[in-house]
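Contents: one structure, followed by commentary.
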Amino acid sequence: MKGYLDKVAYLQTWGCQMNVHDTEKIAGVLRGEGYLFTDKPEEAALIILNTCSIREKAEHKFMSRLGYFRRLKRKRPGLLIAVAGCIAQQEGERFLIDNQYVDFTFGPQNIVRLPELILKDMRKAAVDDNPALAETDLPAIRNDDTRAWVNIMYGCNNFCSYCVVPHTRGRERSRPVDSIVGEIKTLAALCCKEITLLGQNVNSYKDPSTRASFAELLEHVNAIEDIERVRFVTSHPKDLSQELICAIRDLPKVCEHIHLPLQSGSSKILSMMNRKYSYEDYRQKINLLREHIPGISITTDIIAGFPGETEQDHEDTLSALREIGFDGAFAFKYSRRPYTAAKEMDGQLDEQIKSERLKTILELQDDITDKINRRLKGQTIEILVEGVSASDPNHWTGRTRTNKIVNFTPEKSLEKGMLITVDITNSFRHSLQGRPQG
Ligand code: 5AD
Ligand code: SF4
């Protein structure tokens, strides 16, 4: 024995919740093959890196980490290294040719083929379009048993001009209601309390045979016993229907939070992004949401420095942030991605301009979030207990239905997954402080 075992795997993930959940499935498939897991790559016989290519920065981070694994393999040639996820899909065969020490690669639609890829002589780039995956229920190993992510659909048909996702995750495929509900019932039996339904564009969900809509799916999920809260990401504004707004309002387990990426406050830029809505359309949807669901929290994504973005377009984004008053926003510098239409557009901006605009957006949004959170001071709010805080072992953490983090000192024996009420005693930019009642 040289300090590692034949069937021990180390998994690392970059990127979005979809990728984190894909890694849970990779772990589930490997467990079926008899693998154990380690958090030390030095002890592993198999290393799988689940990558993200949404922005160049994510690719750079991954490539520098890959250098470390290459050195490990030099010391130990028997080590298997596999690259999964969006970079694997985007680069195809080329990735293996350029990085000969990587044994095999597989894209998000080919996790199901992992058992054959690990076998000697079967190692290659498994990146072909595999829509059957939407029908394959893969076992997942989830680290958290009280909250779980569940895929409802894969892929994206929208081709926003900046985005590589339609090229790495293929066309939209929805899972049948029955298999989604079956998976959630199993999770409920295992003490899961909160479900987050996952898809690139959940609002365009359609059951492949019954054609049931996303709002109808929510009704089915809402009816599952022992599940307390239902969330979903991500929504595309163009597909946010009145039916869905009413479902969020009427279904008691569906939480009052929506992540609704705006991307830009300029209708000209939105059109160049191929988003298929204007700022006015978006604004109307926000009005409808707030009218029907008082207190709903709304978060968004913004891209700073899209090609051709003028100072005025940037100002329009700042005005939109002020006008709408989002509870929170993720903002990113525009990044030129392979295969995308925006990559070829005129008017690409300097890194420095993009950085400056990003900084202004983040600072403004921080102030807005701070103001909104301050209004919660003195309120009594229900939270779902998530466990000991990652940043401070003396504190516990939970989340409101509106998806805000609340840290608190536990005053009685608490367990993960309990619903408790807390008085909000203080507020910060990215969290609240609370005192449990009773
Ligand atoms: N550059 C910067 N941000 C991007 N996003 C997607 N593609 C890019 C890109 N090329 C952002 C969008 C999306 C979020 C998940 O990532 O804001 O909503
Ligand atoms: Fe990318 Fe647009 Fe699809 Fe979202 S909706 S994954 S931003 S192409």
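Predicted, not measured: the structure shown is a model, and the values here were computed from it. In listed order, ligands and their atoms are each counted from 1.
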Determine, considering heavy atoms only, which of [options] sits nearest to [atom].
| atom | options | value |
| --- | --- | --- |
| atom 1 (Fe) of ligand 2 | Cys163, Pro261, Cys16 | Cys163 |
| atom 4 (Fe) of ligand 2 | Gln200, His167, Lys238 | Gln200 |
| atom 1 (N) of ligand 1 | Gly305, Gly15, Ser335 | Ser335 |

Looking only at protein heavy atoms, which one is nearest to [atom], and what is the separation?
| atom | value |
| --- | --- |
| atom 17 (O) of ligand 1 | Gln263 OE1, 2.7 Å |
| atom 5 (S) of ligand 2 | Asn158 ND2, 3.4 Å |
| atom 2 (C) of ligand 1 | Lys333 O, 3.3 Å |
| atom 7 (S) of ligand 2 | Tyr162 OH, 3.4 Å |
| atom 11 (C) of ligand 1 | Arg55 NH1, 3.2 Å |

### Query
Between atom 3 (Fe) of ligand 2 and Cys160, is there an N, O or S atom separated by less than 2.8 Å?
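No - counting backbone and side chain alike, Cys160 has no N, O or S atom under 2.8 Å.
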Side chains of [X] and [Y]: is there a donor and an acceptor less than 3.5 Å apart?
| X | Y | value |
| --- | --- | --- |
| Ser427 | Asn373 | no |
| Ser213 | Glu243 | yes |
| Ser278 | Asp281 | yes |
| Glu356 | Gln352 | yes |
| Thr369 | Asp366 | no |
| Asp327 | Thr299 | no |

Would you mind running through ligand 2 and noting each atom that sits below 4.0 Å from a heavy atom of [X]?
| X | answer |
| --- | --- |
| Cys156 | 3 (Fe), 5 (S), 6 (S), 8 (S) |
| Val165 | 6 (S) |
| His236 | 5 (S) |
| Pro166 | 8 (S) |

Please classify the [X] to ligand 1 contact at 4.0 Å (heavy-atom distances, strictly less than): side chain, backbone, both or neither.
| X | answer |
| --- | --- |
| Arg336 | neither |
| Ile303 | side chain |
| Tyr162 | both |

For atom [atom1] of [X], is the number of surrounding heavy atoms from other residues, nucleotides or ligands below 6.0 Å larger than 12?
| X | atom1 | result |
| --- | --- | --- |
| Lys377 | NZ | yes |
| Glu93 | CD | no |
| Phe330 | CZ | no |

### N or O contact, Asp301 vs ligand 1, cut-off under 3.5 Å
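Among all N and O atoms of Asp301, at least one is under 3.5 Å from an N or O of ligand 1.
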### Task
Please say whether Tyr334 places an N or O atom under 3.5 Å from an N or O atom belonging to ligand 1.
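Tyr334 vs ligand 1: no N/O contact under 3.5 Å.
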### Query
Parallel, tilted or perpendicular: which describes the rings of His257 and His259, with under 30° parallel and over 60° perpendicular?
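Because their plane-to-plane angle lies in the 30° to 60° range, the rings of His257 and His259 count as tilted.
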### Message
Taking the ring of Phe159 and the ring of His167, is the distance between their centroids below 6.0 Å?
### Response
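Centroid distance His167-Phe159: below 6.0 Å, so yes.
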### Query
If you count the atoms of ligand 1 from 1 in the order shown, which ones are under 4.0 Å from a heavy atom of Arg337?
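Heavy-atom distances to Arg337 below 4.0 Å select 10 (N).
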### Query
With a 4.0 Å cut-off on heavy atoms, does Arg275 reach ligand 2?
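It does, in that a heavy atom of Arg275 comes within the 4.0 Å cut-off of ligand 2.
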### Message
On a heavy-atom basis, which atom in Lys193 and which in Gly417 lie closest, and how many Å separate them?
### Response
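Nearest pair, atom of Lys193 first, then Gly417: CG-O, 3.4 Å.
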